[in-house]
Amino acid sequence: RTRQIDSRASLELKAEPRFSSSLATMTRLHANHYRFGGNYARPESEGGIERDSFKGTWFGLEQRVELRAGDAFKLTVGGEGQLHVQVEQQAVDAAEAFLDDSRPYQIGAIYALADVRAHERLLISVGARLDAYSSFGKTLNPRLAIIGKPYERGNTKLMLGRAFRAPSVYEQYYNDGGITQVESPSIGPESVYSLELEHAHRFSPTVVGTLAVFGNYMRDLVLSAGQGDESDPLHYVNSQAPIGTFGAELGLRRDWRQGYMLAVSYSFQRSRFLSEASPGALLRFEQNPEFRHVANSPEQLASVKGALPLLGRALTLGSRLSVEGGRFDRNERSSDAAQGKSEAFAIWDVVLSGREERFGFAWAAGVYNAFDWRYSLPVSAEFPQTSIEQDGRSFMLSAELTF
């Protein structure tokens with residue numbers, strides 16, 4: 001009798017007129033609705049079936065202006081606003097209604113991005129975005145990219161920036177009266193600082209190889225705490241232990257003029273809880289002795305993907321084989337039970353897609369996880385098990401009409 005159903009509906013209207021070679025705009029208006037319903041079976045002595053629901057409705061408007069001065073300079077400025085007019089959570093069982101919460105909120109943002117061609121072999125892109133949430137305040141996130149061409153067949157990119165994730169309404173305010181969970185209204189946004197250096201070398205007009213190294217510094221991650229019972233109910237906190245990640249990725253791609261494509265890639269990354277919140281701890285990659293392995297972070301990823309045109313470019317068969325290493329479970333603290341690890345798995349996806357340019361119509365049909373591989377991924381402490389089996393073979397059909 002336990003089940004979860006969620007659904008999402010959205011409508012977007014977008015206009016992108018170009019008035020001249022130096023002026024273009026983008027206006028986007030969107031409306032969204034999300035609905036969730038969950039039934040959780042419990043013994044009658046503990047209230048019977050718990051019924052949770054969430055309803056969210058929001059509207060947004062974005063306006064962007066792009067100004068160009070030849071090929072040497074481009075400036076993009078814009079702003080966005082969102083009104084989350086319906087943000088409702090309810091939870092009831094046979095005995096009582098222990099959650100009936102409504103928390104409408106608003107989001108406003110402004111951003112700017114400048115692309116400067118300092119030299120025929122050097123492009124600099126710098127920008128920033130300021131977001132303001134009525135729920136927790138403001139956050140400023142800059143980014144910088146330096147793209148150079150050190151020799152004729154090579155391209156080198158240096159990218160760095162800061163990003164954030166706002167805590168969800170569920171993380172902040174969901175509770176079941178303290179039976180298993182209490183609200184966490186004081187949590188703030190997560191932050192990640194990223195640095196990546198990538199070099200691409202073109203061996204021929206159709207073959208290109210890439211090598212990238214990267215590092216991330218994550219702080220204030222929203223984590224679940226508590227045992228999930230009345231004596232120690234679940235709640236969310238911002239982690240005091242930052243996480244550092246270093247990794248590398250290697251890729252090789254071959255394109256044919258007829259539209260065929262074949263690409264392979266492999267990446268390795270390692271994450272760990274750092275001993276302190278300082279640049280030195282990140283550079284030393286110093287492990288925090290109170291923690292074990294970072295949960296839900298695969299160390300090895302590999303993929304092979306290709307495209308096969310069947311009717312010119314009007315019909316294409318695409319396929320991807322992805323292999324992923326195991327992930328450690330949620331028992332990250334040294335005081336927790338022994339930390340387990342999920343098994344590695346392989347996912348094969350096949351998609352057939354088509355496009356009719358005259359009518360602006362595009363479609364795709366595919367099968368995901370064609371092997372029907374039964375694999376599990378770690379989950380948080382709100383579940384009694386440390387991992388949950390993921391979807392097996394599933395099917396997708398999509399259609400798009402552009403006016």
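Any value given below was found using the heavy atoms of this structure, including those in side chains, with hydrogens, waters and symmetry copies removed.
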Begin from the C-alpha positions of Glu389 and Ser376 and carry the test side chain to side chain donor-acceptor pair (under 3.5 Å) through to its verdict.
CA-CA 4 Å; Glu389 186 175 282; Ser376 296; 5.1 Å; no
Verify side chain to side chain contact (heavy atoms under 4.5 Å, CB included) between Tyr40 and Ile49, making sure each step is shown before the conclusion.
CA-CA 5 Å; Tyr40 306 98; Ile49 295 179; 5.9 Å; no
Going through the distances and angles, do Ser297 and Arg270 end up as a side chain to side chain contact (heavy atoms under 4.5 Å, CB included)?
CA-CA 8 Å; Ser297 177; Arg270 178 154 292 174; over 6 Å; no
Take Phe73 and Leu75 through the side chain to side chain contact (heavy atoms under 4.5 Å, CB included) test and state the conclusion after the steps.
CA-CA 7 Å; Phe73 180 77; Leu75 176 65; 3.7 Å; yes
Verdict with supporting geometry, His201 and Tyr151, ring-ring contact (aromatic ring centres under 6.0 Å, His included)
CA-CA 9 Å; His201 175 77; Tyr151 56 93; 5.7 Å; yes
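Side-chain atoms of Asp232 do not come within 3.5 Å of backbone N or O of Asp229 as any donor-acceptor pair. Side-chain atoms of Gln385 never come within 3.5 Å of backbone atoms of Phe383 as a donor-acceptor pair (strictly under, hydrogens ignored). Between the side chain of Arg68 and the backbone N or O of Asp71 there is no donor-acceptor pair closer than 3.5 Å. The backbone N or O of Pro298 sits less than 3.5 Å from a side-chain atom of Gln269, completing a donor-acceptor pair. The closest donor-acceptor contact from the side chain of Gln240 to the backbone of Asn238 lies under 3.5 Å. Not a single donor-acceptor pair under 3.5 Å links the side chain of Arg64 to the backbone N or O of Gly79. Not one N or O on the side chain of Glu46 forms a donor-acceptor pair closer than 3.5 Å with the backbone of Pro43. Between the Ser342 side chain and the Arg327 main chain, a donor and an acceptor come within less than 3.5 Å of each other. A distance-only check finds no donor-acceptor pair linking the side chain of Glu276 to the backbone of Ser278 [under 3.5 Å].
Checked for salt-bridge contact, Glu88 and Lys55 miss the test: no charged N lies under 4.0 Å from a carboxylate O. The pair Arg292-Glu332 fails the salt-bridge criterion, with no side-chain N (NZ, NE, NH1 or NH2) lying under 4.0 Å from an Asp/Glu carboxylate O. Of the charged side-chain nitrogens involved, none lies within less than 4.0 Å of a carboxylate oxygen, so that Arg51 and Asp93 do not count as a salt-bridged pair. Ion pair Asp6/Arg8 not flagged as a salt bridge, since none of the NZ, NE, NH1 or NH2 atoms sits closer than 4.0 Å to an Asp/Glu carboxylate oxygen. Asp115 and Arg117 are not joined by a salt bridge, as no carboxylate oxygen comes within less than 4.0 angstrom of a charged side-chain nitrogen. No salt bridge links Arg355 with Glu400; every basic N to acidic carboxylate O contact stays at or beyond 4.0 Å. Glu16 and Arg18 are not joined by a salt bridge, as no carboxylate oxygen comes within less than 4.0 angstrom of a charged side-chain nitrogen. Of the charged side-chain nitrogens involved, none lies within less than 4.0 Å of a carboxylate oxygen, so that Lys14 and Glu62 do not count as a salt-bridged pair.
Contact record, Val213 with Ala248: CG1-CB, 4.1 Å, taken as the closest heavy-atom pair. When all heavy atoms are compared, the tightest approach of Val351 to Tyr368 is CG2-CE2, 3.8 Å. Between Gly340 and Asp329 the shortest heavy-atom distance is N-OD2, 2.8 Å. Across every non-hydrogen atom of Gly188 and Val222, the tightest pair is O-CG2, 3.9 Å. Across all non-hydrogen atoms, the minimal contact from Asn216 to Ser194 is OD1-CB, 3.1 Å.
Note: His293 and Phe328 have parallel aromatic rings, judged against thresholds of 30 and 60 degrees for the angle between ring planes. Aromatic ring orientation, Tyr217 versus Tyr193: tilted (interplanar angle from 30° to 60°). By the 30° and 60° cut-offs, the orientation of the rings of Phe164 relative to Tyr133 is perpendicular.
For the residue pair Ser265/Ser303, the side-chain donor-acceptor check at 3.5 Å is satisfied. Looking only at atom types and distance, the side chain of Ser184 has no donor-acceptor partner in the side chain of His235 under 3.5 Å away. Donor-acceptor pairing under 3.5 Å is recorded for the side chains of Gln86 and Thr57. Side chains of His84 and Gln82: a donor on one and an acceptor on the other come within 3.5 Å. Side chain to side chain, Asn369 and Arg393 fail the donor-acceptor criterion of an N or O pair below 3.5 Å. Arg129 and Asn141 share no side-chain donor-acceptor pair at under 3.5 Å. No donor-acceptor contact under 3.5 angstrom links the side chains of Tyr111 and Asp131, judged on distance only. A side-chain donor-acceptor contact under 3.5 Å links Arg162 and Thr139. Ser353 and Trp363 are not linked by any side-chain donor-acceptor pair at a separation below 3.5 angstrom, with hydrogens and angles left out of the test. Residues Ser7 and Arg35 have side chains that never bring a donor and an acceptor to within less than 3.5 angstrom of each other.
For the atom pair OG (Ser275) and CZ (Arg284), the distance works out to 6.0 Å, reported to the nearest 0.5 Å. How far CD of Gln90 is from CG of Leu99: 7.0 Å, rounded to the nearest 0.5 Å.
Side-chain rings of Phe285 and Phe246 approach one another, their centers coming within less than 6.0 Å. If you look at Trp373 and Phe345, their ring centroids are not closer than 6.0 Å. Here the two rings, on Phe54 and Phe36, have centers that are 6.0 Å apart or farther.
Looking only at side-chain heavy atoms (C-beta outward), Leu234 and Thr180 stay at 4.5 Å or farther from each other.
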